[in-house]
Amino acid sequence: MTQGSSTTRKAGEAQERGTSEMGPQAVIAPGETGARNSTRVRFSPAPTGFMHLGNARTAVFNYLYARHTGGTFVLRIEDTDVTRSTDEATQQIQSVVRWLGMDVDEGPYLQSDRFDRHREAAAQLMANGNAYECFCTKDELEVRAEAMKAAGKAPGYDGACRDISEAQRDAFRSDGRAATLRFRIPEDGRSQFTDAVRGEVSVAWSTISDFVILRPDGSPVFYLANAVDDLDMGITHVIRGEDLIDSTHRVLAIRRALGAEEPPTYAHCPLILGPGGAKLSKRHGAVSVEEYRDAGYLPQAVLNYLAFLGWGIADGNEIMTADELATRFDIVNINHAGAAFDAQKLEWMNGEHIRQLSVADLTAAVLPFAQVMYGQVDATILAEAVALAQSRATTLVQIAEQCGFLFADDDAFSIREESWEKLLGTEHIRELLVAVIDHCRTCDWTVEALDLRALLEPLELKPRKALPAIYSAIEGAHTGLPLFESMHLLGRDRVLQRLSDALARLG
RNA sequence: GGCCCCGUCGUCUAGCGGCCUAGGACGCCGCCCUCUCAAGGCGGAAGCGGCGGUUCGAACCCGCUCGGGGCUACCA
């Protein structure tokens, strides 16, 4: 609960800042090219689960557009469904947004802090005849919807309470029935708006039935809260998933009924699909941002990848920083077709970003993973190993694993099954190990002196055939970080120990 | 069922009536480099869902068809 109250307080503060932000004069910091313009976008997820990649992509688009226009990026938590919303999810959303490097300019606002305002708007809608009380119970609605479906008709609300008399309403109330508030949809005509990515979107009102805007417990439903908050918060651009495109007609209707003049610009983005084109789900593997974070993905890589899902530019280079993306990003380049999530491409992109990091930065990123795996690690040794691993890994976890032979306790060191087989299959393996041991006992402990290739010729062995065995003995795998550097980092004693262990194991 | 949307290599995409014998990227295959593995370099296979129009000319415009998706909640 501590978490919850701190979130609420934070949201409240931000809210005040938001309303008092308009000072008499806008101050432009020296060196800045211009004032923040009036573009206001918001990322407004429902805190009902983990941060899905689709949600994250929506956040990225909004953030990039805010930065592109010099506008304001607002975070609003749509927790109108109190039964499904959790404080943990609210925290996770913020933590993921922060991890991805997206600075929130305003918020987080919690819709649950604004229920009074939503109820006020609902009262206004009731007063001007755009909403009415509905006393139908959920069970009744379900039964009637089934019946309509069976009759081959659209299963929406049948308007039973639309025009009942005050006397009937009183009767329902004295029956102890609780009322929801429904929005009154126009009888005929069409709803129409211009979508920045879809163009003209229109639908007949007759296909939309009166919908609930206020629950019996007084909490608002999405449509109401969404309309009111976008209005109150001065949102100018709504960038979100295409799954919400049909709800736009309802939100816009509420807006108008509330007396709003100009609607915001809506931009509905294609959904992110799983492999095969089906909806992306847990069946397809990791679908939450947290999972990628924990698997050793760099935030800048995830952001980069997500930016190019459903958005594209002609330029060949796809590896970009957040700043470059913000410069290039624009709504006109958002695609129409759904985009399948490609974990392989994300992995490749992560590798690219890993390679762009300085060794110091990469080491800092790998350190927490290495510590979880091996306890305390020597930062200097780690940095040297990371430098060797940088071009050999696509995730931070892989790097930590490749460095494992340096940090794992000696009694925990083991050789992979297939690598031991490789060693066994190596010609003159005994002589080779003996020669390497002899060499390592006395040679200078430098990378140059540890170049084992000179030892191979007398045994008539090729590096390509023979060295993997030594890789196995030293690193526990026949593939790994460059051998001579690795031996140098491991140190003479441990190298000799591992080599003689291997020799002994040969029997 | 109804309403709405979408359709370029396996995947992400460029294309916006002639610049397209369709470009780039991931993945895949081959070669080079090389102490393993990678990284890197070079090369290759692979696509306009289909059918009709319109036009001198269509990936781009129109119609139909097929396929995919979304919505149709007191979820968002």
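Given the structure is predicted, the values throughout are model-derived calculations rather than measurements. Residue numbers start from 1 in every chain, and the chains themselves are labelled A, B, ... in the order their sequence lines are given, proteins ahead of strands.
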Mind calculating the distance between [atom1] ([X]) and [atom2] ([N]) to the nearest angstrom?
{"X": "A:E485", "N": "B:U36", "atom1": "CD", "atom2": "C1'", "result": "12 Å"}
{"X": "A:H478", "N": "B:A38", "atom1": "NE2", "atom2": "C1'", "result": "13 Å"}
{"X": "A:I272", "N": "B:U11", "atom1": "CD1", "atom2": "P", "result": "16 Å"}
{"X": "A:I334", "N": "B:A14", "atom1": "CD1", "atom2": "P", "result": "11 Å"}
{"X": "A:N333", "N": "B:C12", "atom1": "CG", "atom2": "C1'", "result": "15 Å"}
{"X": "A:L423", "N": "B:U36", "atom1": "CG", "atom2": "P", "result": "17 Å"}
{"X": "A:E347", "N": "B:C12", "atom1": "CD", "atom2": "C1'", "result": "16 Å"}
{"X": "A:F308", "N": "B:A14", "atom1": "CZ", "atom2": "C1'", "result": "12 Å"}

Which heavy atom in [X] sits nearest to a heavy atom in [Y], and how many Å separate them?
{"X": "A:R57", "Y": "A:L309", "value": "NH1-O, 2.6 Å"}
{"X": "A:R119", "Y": "A:D116", "value": "NH2-OD1, 2.8 Å"}
{"X": "A:H237", "Y": "A:N62", "value": "O-OD1, 4.5 Å"}
{"X": "A:Y292", "Y": "A:L53", "value": "CE1-CD1, 4.0 Å"}

Query - Test of ring centre spacing under 6.0 Å for A:F211 and A:Y223 - result: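 Yes - the distance between ring centres of A:F211 and A:Y223 falls below the 6.0 Å cut-off.
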**Report entry** Aromatic ring proximity, centroids under 6.0 angstrom, A:F61 and A:W311
**Finding:**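 They do not qualify: ring centres at least 6.0 Å apart.
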Query raised in the report: Any side-chain N or O of A:N335 less than 4.0 Å from the OP1 or OP2 oxygen of B:U13?
Result: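 Indeed, a polar side-chain atom of A:N335 lies that close.
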Counting only Watson-Crick pairs (N1-N3 plus N6-O4 or O6-N4) and G-U wobbles (N1-O2, O6-N3), all under 3.5 Å, who is the partner of [N]?
{"N": "B:A22", "answer": "none"}
{"N": "B:U54", "answer": "none"}
{"N": "B:C31", "answer": "B:G41"}
{"N": "B:C71", "answer": "B:G2"}
{"N": "B:C48", "answer": "none"}
{"N": "B:A14", "answer": "none"}

Query raised in the report: Which residue lies toward the 5' end of RNA chain B, A:R464 or A:E318, if each is placed at its nearest nucleotide?
Result: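 Going by which nucleotide is closer to the 5' end, it is A:E318.
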Query raised in the report: Does any non-hydrogen side-chain atom of A:N304 lie less than 4.5 Å from one of A:E352?
Result: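 Side chain of A:E352 against side chain of A:N304, heavy atoms only: no contact under 4.5 Å found.
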Query - Contact check, side chains of A:E78 and A:Q111, non-hydrogen atoms, under 4.5 Å - result: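 Answer yes - side chains close enough.
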Query raised in the report: Salt bridge between A:E187 and A:R162, side-chain N to carboxylate O under 4.0 Å?
Result: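 A salt bridge links A:E187 with A:R162.
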Query raised in the report: Got a salt bridge between A:E318 and A:K345, using NZ or NE/NH1/NH2 to carboxylate O under 4.0 Å?
Result: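 Yes, this pair counts.
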Requested in this report: Could you work out the separation of B:A22 and B:U13 based on their C1' atoms and round it to a whole Å?
Outcome: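 Between the two C1' atoms, the distance is 13 Å.
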Query raised in the report: How long is the gap from CG on A:L64 to CD on A:E324, to the nearest 0.5 Å?
Result: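 These two atoms lie 11.5 Å from each other.
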Requested in this report: Could you please spell out the steps behind the side chain to side chain donor-acceptor pair (under 3.5 Å) verdict for A:Y305 and A:N350?
Outcome: CA-CA 9 Å; A:Y305 178 73; A:N350 199 50; over 6 Å; no
Query raised in the report: Mind checking whether A:Y266 and A:H268 have parallel, tilted or perpendicular rings, split at 30° and 60°?
Result: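 Parallel.
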Across the strands shown, which category fits [X] at heavy-atom distances under 4.0 angstrom: base, sugar-phosphate, nothing?
{"X": "A:G351", "value": "nothing"}
{"X": "A:Q398", "value": "nothing"}
{"X": "A:L483", "value": "base"}
{"X": "A:T207", "value": "sugar-phosphate"}

Report task. Not counting sequence neighbours, list each pair that qualifies as a ring pair (Phe, Tyr, Trp, His ring centres under 6.0 Å) and has a residue in residues 456-480 of chain A. Result ->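 Sorted pair list comes back empty.
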For nucleotides 73-76 of chain B, which of its nitrogen or oxygen atoms have a protein nitrogen or oxygen under 3.5 Å away, and what is each distance?
unit_1, atom_1, unit_2, atom_2, d
B:C74, O2', A:K138, NZ, 3.3
B:C74, N4, A:C136, O, 3.2
B:C75, OP2, A:R215, NE, 2.5
B:C75, OP2, A:R215, NH2, 2.1
B:C75, O2', A:R84, NE, 3.0
B:C75, O2', A:R84, NH2, 2.0
B:A76, OP1, A:T80, OG1, 2.2
B:A76, OP1, A:D81, N, 3.1
B:A76, OP1, A:R215, NH2, 3.2
B:A76, OP2, A:F222, N, 3.1
B:A76, O3', A:E78, OE1, 3.1
B:A76, N6, A:Y223, OH, 2.9

Query raised in the report: Is there a salt bridge (Lys or Arg N to Asp or Glu O under 4.0 Å) between A:R498 and A:D501 once you walk through the steps?
Result: CA-CA 5 Å; A:R498 287 189 191 177; A:D501 283 352; over 6 Å; no
Listing time: all N or O pairs from protein to nucleotides 4-7 of chain B that are below 3.5 Å?
unit_1, atom_1, unit_2, atom_2, d
B:C5, O2', A:R198, NH1, 2.8
B:C5, O2', A:E242, OE2, 2.6

Under 3.5 Å, which N/O atoms of the protein pair with N/O atoms of nucleotides 27-33 of chain B?
none

Query raised in the report: Contacts to RNA chain B from residues 469-477 of chain A, heavy-atom cutoff under 4.0 Å, which residues?
Result: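 Nucleic-acid contacts, sorted: A:Y471.
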Query - salt bridge (Lys or Arg N to Asp or Glu O under 4.0 Å) against A:R184, all qualifying residues, sequence neighbours excluded - result: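 A:R184: salt bridge (Lys or Arg N to Asp or Glu O under 4.0 Å) contacts with A:D163.
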Requested in this report: Measure from the side chain of A:T479, starting at C-beta and using heavy atoms only, and say which of B:C37, B:A39, B:C12 lies closest.
Outcome: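 Nucleotide nearest to A:T479's side chain: B:C37.
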